[in-house]
Amino acid sequence: MTDIRFDESFSQCTQQGGFSAHMGPFYEKNINGVMHRALKIQAHHLNPEGVVHGGVTLALADYAIYRGIGDEIGHDIRFATISLNSNLIAAGKEGDVLFAVGHVVRKTRSVIFAEGRIFTNRNIILQATGVWKIIGAN
């Protein structure tokens, strides 16, 4: 597995309004040319079973892939999630830091196919693929 240290070298993401601000804060750091997003898991991220709620994990995946797309094609282009398919593989726990990466698989004139994953230093938590509709320029 990856060995990433969450420390002061991670900075808060600049785009996190609305629900993202409520769920986060999200952090980011470029590691070997790949932008990694991160979320520190706290008690309010947990489900009644004491592990990270699936909705939190899916929301982080959507955010990280969306931002990863922007990293590659530019943040001046607007796009929105059409579909997000995921496999939850393991559960995160309170105190974990979930790291997330996303990238473009293919871009057409109207849609973007992308994928991403969420992981800790111990486990892959989620793998996801999706389609984003290009809406236009900001």
Side-chain angles (χ1 to χ4, degrees):
M1 222 42 260
T2 317
D3 188 23
I4 300 174
R5 181 196 249 19
F6 183 80
D7 57 22
E8 66 280 348
S9 64
F10 275 83
S11 58
Q12 273 198 14
C13 297
T14 56
Q15 279 194 322
Q16 39 183 341
F19 179 75
S20 296
H22 179 71
M23 191 176 117
F26 296 120
Y27 297 86
E28 63 187 2
K29 177 181 179 181
N30 189 313
I31 301 172
N32 297 325
V34 176
M35 189 62 78
H36 287 64
R37 269 65 190 205
L39 175 66
K40 293 190 286 187
I41 298 302
Q42 300 171 25
H44 67 275
H45 294 121
L46 306 180
N47 67 19
E49 303 302 321
V51 297
V52 177
H53 191 286
V56 170
T57 310
L58 290 169
L60 174 58
D62 189 43
Y63 179 82
I65 297 170
Y66 174 86
R67 296 291 293 153
I69 292 168
D71 293 340
E72 289 186 40
I73 71 167
H75 293 285
D76 58 334
I77 298 172
R78 295 179 349 164
F79 43 92
T81 310
I82 295 174
S83 71
L84 182 61
N85 306 299
S86 64
N87 292 305
L88 290 156
I89 298 167
K93 299 178 180 121
E94 187 172 2
D96 281 349
V97 174
L98 299 185
F99 299 102
V101 295
H103 69 275
V104 174
V105 173
R106 180 172 182 248
K107 178 183 173 289
T108 71
R109 289 183 303 163
S110 59
V111 295
I112 301 161
F113 299 88
E115 63 186 10
R117 67 184 173 105
I118 297 174
F119 55 95
T120 66
N121 283 326
R122 298 178 314 278
N123 296 309
I124 294 175
I125 302 296
L126 174 142
Q127 293 178 319
T129 61
V131 181
W132 281 258
K133 173 70 175 160
I134 298 172
I135 299 168
N138 283 334

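- In terms of hydrophobic clustering, with Ile, Leu, Val, Met, Phe, Trp and Tyr side chains grouped at heavy-atom distances under 4.5 Å, Leu98 and Ile89 are assigned to different clusters.
- Atom-to-atom distance recorded for Asp96:CG and Arg122:CZ is 4.5 Å, nearest 0.5 angstrom.
- Transitive grouping of hydrophobic side chains (ILVMFWY, heavy atoms separated by less than 4.5 Å) keeps Phe19 and Leu84 in distinct clusters.
- Using bins of under 30°, 30° to 60° and over 60° for the plane-to-plane angle, the ring pair His36/Phe119 lands in the perpendicular bin.
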>> Quick one, Ile77 with Ile134, criterion side-chain contact (heavy atoms from CB on, under 4.5 Å). Give me CA distance, side-chain angles, the key distance, then yes/no.
In response: CA-CA 7 Å; Ile77 298 172; Ile134 298 172; 4.0 Å; yes

>> Before you tell me yes or no, could you show the steps for Arg5 and Asp3 under side-chain contact (heavy atoms from CB on, under 4.5 Å), namely the whole-Å CA-CA distance, both residues' side-chain angles and the distance that decides it to 0.1 Å?
In response: CA-CA 7 Å; Arg5 181 196 249 19; Asp3 188 23; over 6 Å; no

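- No single ILVMFWY cluster, assembled from side-chain heavy atoms under 4.5 Å apart, contains both Val105 and Ile69.
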List the atom pairs, donor and acceptor, that lie under 3.5 Å between side-chain atoms in residues 49-60 and the rest of the protein, sequence neighbours left out.
unit_1: His53; atom_1: ND1; unit_2: Gly55; atom_2: N; d: 2.7
unit_1: Thr57; atom_1: OG1; unit_2: His53; atom_2: O; d: 3.4

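- Looking at His45, its side chain does come within 3.5 Å of a backbone N or O of Met23 through a donor-acceptor pair.
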>> Does Tyr66 form a side-chain contact (heavy atoms from CB on, under 4.5 Å) with Ile112? I'd like the steps, not just the answer.
In response: CA-CA 10 Å; Tyr66 174 86; Ile112 301 161; over 6 Å; no

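- If you take CZ on Arg37 and NZ on Lys29, they are separated by 14.0 Å, rounding to the nearest 0.5 Å.
- In this structure, the separation between CZ on Arg67 and OG on Ser20 is 9.5 Å, given to the nearest 0.5 Å.
- The minimum heavy-atom distance linking Leu46 with Ile41 is given by the pair CD2-CG2, 3.9 Å.
- In plain terms, the two heavy atoms of Asp76 and Ile73 that are nearest each other are OD1-O, 4.5 Å.
- Contact detail for Asn30 and Met35: the closest heavy-atom pair is N-SD, 3.6 Å.
- Minimum interatomic distance between Ile65 and Gly116 (heavy atoms only, all atoms of both residues): CD1-N, 3.6 Å.
- Around NE2 of His44, the count of heavy atoms belonging to other residues, nucleotides or ligands within 6.0 Å exceeds 12.
- Shown here for Lys133 and Ile82, the closest heavy-atom pair between the two residues is CB-CD1, 3.4 Å.
- With rounding to the nearest 0.5 angstrom, the NE2 atom of His103 is 12.5 Å from the CG atom of Asp71.
- The hydrophobic clustering, which links ILVMFWY residues whose side-chain heavy atoms are closer than 4.5 Å, places Phe79 and Val131 apart.
- In this structure, Ile125 CD1 and Leu88 CG are separated by 9.0 Å, a value rounded to the nearest 0.5 Å.
- Atom CD1 of residue Ile118 and atom CG of residue Leu126 lie 4.5 Å apart, to the nearest 0.5 angstrom.
- Note on ring orientation: taking the six-membered ring where Trp is involved, the planes of Phe99 and Phe10 are tilted (angle from 30° to 60°).
- Considering every non-hydrogen atom in both Ala38 and Val97, the closest pair reads CB-CG1, 3.9 Å.
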>> I'd like to know whether Gln127 forms a side-chain contact (heavy atoms from CB on, under 4.5 Å) with Ser86, so could you lay out the CA-CA distance, the side-chain angles of the two residues, the decisive distance to 0.1 Å, and finally the verdict.
In response: CA-CA 6 Å; Gln127 293 178 319; Ser86 64; over 6 Å; no

